Amino acid sequence: MATAASCLSEVPRDALQAQFRAEVLQGLSQTRKAIPARWFYDRRGSELFEEITRLDEYYPTRTEIGILADRQDEIARAVGSGRVIVEFGAGSATKTPLLLDAAAPSAYVPIDISGDFLRDACAPLEDCYPELPIVPAEADFMQPIAIDALLPEGMECERRLGFFPGSTIGNMEPRAAIDLLRSMRETLGPGSLLLIGMDRVKPRPVLEAAYDDARGVTAAFNLNLAARINRELDGSLPLDALRHRAVWNDRHARIEMHLVAQRDMGFEVCGRRFDMEEGETIHTENSHKYDMRSASTLLLGGGWEPLSTWCDADDRFMVVLARAMSDELSA
Ligand code: AVI
């Protein structure tokens with residue numbers, strides 16, 4: 001009885017395109033040029049990211065899958081069965097079934113801004129879990145979402161488990177991450193739990209290799225953002241004169257990705273002219289890494305009290321289960 005297809009709200013393509021344009025123009029106008037990482041993910045960018053997750057150097061995906069698989073029984077005991085699972089981002093074919101098998105949910109609600117990815121993610125799950133109500137929501141999960149309106153009758157007030165794997169939280173500045181965690185708490189409601197993947201701080205060479213692989217897939221992923229600007233915003237960024245750089249910033253505990261100008265250059269985007277000097281960069285991504293204390297501080301700031309943490313044997317990655325705090329405690 002899979003009941004896919006009721007979508008909460010279409011995010012109009014025009015609105016998204018206008019936002020892309022505004023954020024690129026604003027980001028390139030700053031003294032330190034920067035473009036939000038979420039614009040990496042057009043179709044080509046998403047394909048390249050999938051390729052990244054299979055690279056030898058990129059440990060997070062397979063390490064998180066290993067934790068979810070090895071600790072399935074413990075996770076099952078900790079979350080209990082019969083919750084509505086709300087996944088933030090379209091479900092991944094490898095991670096989501098591990099949780100669906102462990103938690104035996106009453107319904108599964110994947111939320112993603114891209115209807116295409118939602119449909120691709122839901123189709124195989126509908127085949128594998130024919131009895132499970134699957135309710136995709138095409139929406140921006142950065143904002144609170146009224147889940148009740150989507151759920152089959154009688155399921156509105158069931159307790160929920162949020163699932164946010166992949167350490168995607170790390171791509172946000174701490175303040176934005178806290179806002180997102182608060183918004184998730186509102187979406188999920190009182191009594192809810194959150195299972196979240198968080199990448200751990202580790203030696204610089206391991207981190208820098210994960211974001212600058214030998215085959216150049218991450219470089220292509222980074223450069224695709226400039227190519228996307230050229231394609232969609234009538235840009236003339238000289239792709240051959242931009243180079244990928246991934247560097248560990250110890251002060252902020254994050255990997256930063258930049259596009260570095262190899263020579264002085266001028267280019268246009270949407271009819272506006274921009275200049276870069278040789279060595280100047282466009283900052284394209286932050287990927288924050290956490291230790292136990294910083295993970296816990298972030299979650300508490302977002303209104304979530306950590307209950308359990310599972311790590312791999314080498315302490316590369318952690319999966320944290322947290323409980324929604326009451327309004328008085330989290331204020
Ligand atoms: C999606 N996100 C968690 C990835 C990360 O590791 O920060 C994005 C990525 N950027 C380069 N490689 C992977």
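Below, each value reflects all heavy atoms present in this structure, side chains not excepted, and no hydrogens, waters or symmetry copies. Ligands are counted one by one from 1 in listed order, and the atoms in each one are counted from 1 as well. Remember, predicted model here, so these are calculated numbers, not experimental data.
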Just do the side-chain contact (heavy atoms from CB on, under 4.5 Å) check on Arg316 and Cys311 with the steps written out, would you?
CA-CA 7 Å; Arg316 291 191 151 198; Cys311 293; over 6 Å; no
What orientation do Phe88 and Phe141 show, parallel under 30°, tilted 30 to 60°, or perpendicular over 60°?
perpendicular
Assess the pair Phe40 and Phe221: is the distance between their ring centroids shorter than 6.0 Å?
yes
State the OH-SG distance between Tyr129 and Cys122, to the nearest 0.5 angstrom.
13.0 Å
Distances only, to 0.1 Å: what are the N or O pairs between ligand 1 and the protein that fall under 3.5 Å?
{"from": "ligand 1", "atom 1": "2 (N)", "to": "Asn171", "atom 2": "OD1", "distance (Å)": "2.8"}
{"from": "ligand 1", "atom 1": "6 (O)", "to": "Tyr58", "atom 2": "OH", "distance (Å)": "2.5"}
{"from": "ligand 1", "atom 1": "6 (O)", "to": "Tyr211", "atom 2": "OH", "distance (Å)": "2.5"}
{"from": "ligand 1", "atom 1": "7 (O)", "to": "Asn171", "atom 2": "ND2", "distance (Å)": "2.9"}
{"from": "ligand 1", "atom 1": "7 (O)", "to": "Ser287", "atom 2": "OG", "distance (Å)": "2.6"}
{"from": "ligand 1", "atom 1": "10 (N)", "to": "Glu285", "atom 2": "OE1", "distance (Å)": "2.7"}
{"from": "ligand 1", "atom 1": "10 (N)", "to": "Glu285", "atom 2": "OE2", "distance (Å)": "3.3"}

Report yes or no: is the cationic atom of Arg228 (NZ for Lys, CZ for Arg) under 6.0 Å from the centre of the six-membered ring of Tyr41, at an angle within 45° of the ring normal?
no
Assess the side chains of Arg44 and Asn224: does a donor N or O sit below 3.5 Å from an acceptor N or O?
no
